[in-house]
Amino acid sequence: MSGPAAGTARADATTDVVCLGESMVTFLPSQPGRLADVPSFGRGIGGAESNVACALAAAGHRAAWVGRVGADGFGDHLVETIGGYGVDTSAVRRDPVRPTGIYFRTATDRGAGAHEVAYYRAGSAASAMSPANVPYEEVFAGRVLHLSGITAALSADCLELVRELTSPRPGRPLVSFDVNHRPHLWRGGDATVLLELARRCDLVFVGEDEAEEAWGIVGAEAIRAALPEPGVVVVKRGSAGATVFSGLRPGPRSSNAGGAENTPASRSREGGEAEVVTQVPALRVDVVAAVGAGDAFAAGFLSATLRGLPVRDRVRHGHLMAAAVLTVPGDLTEPPARDHADRLVALDDEAWGRLRLGPGWTAADRAPEEVRTP
C-alpha cells in the first residue's frame, strides 16, 4: 500500500489531523427515562469524527474537521461550537437545500436495552457528501486523515467518497479508520463493506463486539487475520482493555517498550517477518455516561502516535482520554493536561492496575497517587 510507513504520520503537513464525517446537533435528556417521558432536552453536538477533532485540538494538536451542514441555525451551531474547541472548520461546506442532521437520545448506556435514539438525518446535508463536492486539497492537508464507517453508511455517494479517500495514492497521509459499526445505519445494507474499507487503511480501530456483529469474526487474532494489510490494528476489548497488532520487524523476534502488560508476542507474517502484539489493560472508571468514549480513545491514541510514543503509551493515552469523557455527561470534555496524562502513562504496571478514575480526575493539580484506589 502506498503512503507512509506503518504507524507513522506524514511530517511535511502543517495540520496534524484532518477528520472527515457527519456532525449533528444532539439533544440530551434533562432526566432519565423514555424519550416519551423526558420533559426537556439540552443542546449539544455529536459526531464521531468531529469528536475526535475536538479532543485532539483540546489536547494541543492542529486539527481540522471537514463536513457538510445545512444553511440553517443548527449548521451555524455546529460550526461555531466545533470551531470553539480550536478546530479548523474552514473546509466545512454549507448545503443550501438539505438540513443539518439532529438526534435525540436517552440517558442510558448505548448498549442497554432501554437506550433510545431518535435520528433525524435522512436527506441531511452530510449524506450528500460525495467525491464531486469534497475539497480534496483540504482533506489531504494533514499528517493524518481520520475517517469512520459511519460516513460510509450514510448514502451511496458517501460510501463512494470513503472508497475514494482510502484508495492508495502517492503522498497519501496516514489514513486512520474507526470501524464504528452502527447497525441501524446498515439495515438493508451490507456491513461487510466496512471490512473492505478497513483493509485499505494504515491504522484501524475496531471493537471485538462490532467485528462479531458486522462480520461474524470472533477474537482479536481472527480480526487481525481478516485485516492483514493495515500497519496497525487496534482491537478494543471493552473491560479487558485493548490488543494492538503493530511494529513489523525483520527476523523472528521483535521488541518494544517494556512492562509485563506490554511484553511483545511474536506473530509470523508472510516473508518471515514478525509482528508485535501489545496488550494493555483497561482502567477502572466510575462511569457517568457511556457516550463518546470510543472517539476519545481514538483521539488519545492518535495524539500519542503524533508524538511518536511507544505503542503501550499510545493505548494508555487512549484509555485516559476515554476515561475523561466517561466521567462527564456529554460526548466531549476537556482532556487531562499533557503532563498529567504523561505521569499516569508512565506508572508501572502495578500502579496502573490500581488506578480508579471518577468525576473530576482530570484536574491539573491531581497527582497520580491521588487517583489510585486505596
Original post:
If you measure only the distance, is there a donor-acceptor pair under 3.5 Å linking the side chains of Ser127 and Ser155?
Top reply: no
Original post:
Could you state the interatomic distance from SG (Cys19) to CG (Leu302), rounded to the nearest 0.5 Å?
Top reply: 7.5 Å
Original post:
Would you call Ser124 and Glu22 a side-chain contact if the rule is heavy atoms closer than 4.5 Å?
Top reply: yes
Original post:
Is the shortest heavy-atom distance from the side chain of Arg143 to the side chain of Leu174 under 4.5 Å?
Top reply: no
Original post:
Hey, are the side chains of Asp178 and Leu147 touching, using non-hydrogen atoms and a 4.5 Å cut-off?
Top reply: no
Subject >> Over all atoms of both residues, closest heavy-atom pair of Pro96 and Arg94 >> reply: CD-O, 3.6 Å
Subject >> Check ion pair Arg169-Glu164 (N to O, under 4.0 angstrom) >> reply: yes
Subject >> From Ile223 atom CD1 to Leu195 atom CG, the distance as rounded to the nearest 0.5 Å >> reply: 10.0 Å
Original post:
Would you say the side chains of His61 and Ser303 form a donor-acceptor pair under 3.5 Å?
Top reply: yes
**OP:** Heavy atoms only: give me the nearest Arg237-Thr243 pair and the separation to one decimal.
**Re:** CD-OG1, 3.3 Å
Original post:
Does a side-chain heavy-atom distance below 4.5 Å link Val38 with Ser30?
Top reply: yes
Subject >> Smallest separation among heavy atoms of Ser148 and Ala48, with atom names >> reply: OG-CB, 4.4 Å
Original post:
Between atom CD of Glu350 and atom CG of Leu355, what is the distance when rounded to the nearest 0.5 Å?
Top reply: 11.5 Å
Original post:
Just wondering, do Glu208 and Val235 contact through their side chains at under 4.5 Å, heavy atoms?
Top reply: yes
**OP:** Quick one: pull up CE in Met24 and OH in Tyr119 and give me the separation to the nearest 0.5 Å.
**Re:** 5.5 Å
Subject >> Check: Thr100 main-chain N/O paired with Asp72 side-chain donor or acceptor under 3.5 Å >> reply: yes
Subject >> Minimum-distance pair of heavy atoms, taken over all atoms of Ala57 and Val87 >> reply: CB-CG2, 3.8 Å
Original post:
Within the side chain of Glu210, is there an N or O that forms a donor-acceptor pair under 3.5 Å with the backbone of His181?
Top reply: yes
Original post:
With a 4.0 Å cut-off, would you call Asp286 and Arg356 a salt bridge?
Top reply: yes
Original post:
Do Arg121 and Leu154 come within less than 4.5 Å of each other through their side chains, counting heavy atoms only?
Top reply: yes
Subject >> Pro29 vs Glu116 side-chain heavy atoms within contact, under 4.5 Å >> reply: no
Subject >> Atom CD of Gln31: over 12 foreign heavy atoms under 6.0 Å >> reply: yes
Original post:
Which heavy atom in Ala191 sits nearest to a heavy atom in Trp215, and how many Å separate them?
Top reply: O-NE1, 3.4 Å
Original post:
Between Phe297 and His319, does the ring centroid distance fall short of 6.0 Å?
Top reply: yes
**OP:** Grab the two heavy atoms, one from Pro359 and one from Val288, that are nearest each other, plus how far apart they are.
**Re:** CG-CG2, 3.7 Å
Subject >> Backbone N/O of Tyr103 and side chain of Arg105: donor-acceptor pair under 3.5 Å >> reply: no
**OP:** Run the numbers on Thr362 and Glu334 for side chain to side chain contact (heavy atoms under 4.5 Å, CB included), then give the verdict.
**Re:** CA-CA 8 Å; Thr362 60; Glu334 189 73 20; 6.0 Å; no
Original post:
Relative to the ring of Phe104, is the ring of Phe27 parallel (under 30°), tilted (30 to 60°) or perpendicular (over 60°)?
Top reply: parallel
Original post:
Salt bridge check: are Arg172 and Asp202 linked by an N-O gap of less than 4.0 Å?
Top reply: yes
Original post:
Does Asp37 pair with Arg34 as a salt bridge, N-O distance under 4.0 Å?
Top reply: yes
**OP:** Nearest 0.5 Å please: distance from the CZ atom of Arg338 over to the CZ atom of Arg343.
**Re:** 14.0 Å
**OP:** State, with a plain yes or no, whether a side-chain heavy atom of Asp88 is found less than 4.5 Å away from one of Trp65.
**Re:** no
Original post:
Donor-acceptor pair, Asp16 side chain versus Arg62 backbone, under 3.5 Å?
Top reply: yes
Original post:
Short question: side chain of Arg182, backbone of Ile150 - any donor-acceptor pair under 3.5 Å?
Top reply: no
Subject >> CZ-CG distance between Phe205 and Asn180, expressed to the nearest 0.5 angstrom >> reply: 10.5 Å
Original post:
Under the 3.5 angstrom rule, does the side chain of Arg312 hit a backbone N or O of Val345 as a donor-acceptor pair?
Top reply: yes
Original post:
Is it true that Arg316 and Asp349 make a salt bridge, defined as a side-chain N closer than 4.0 Å to a carboxylate O?
Top reply: yes
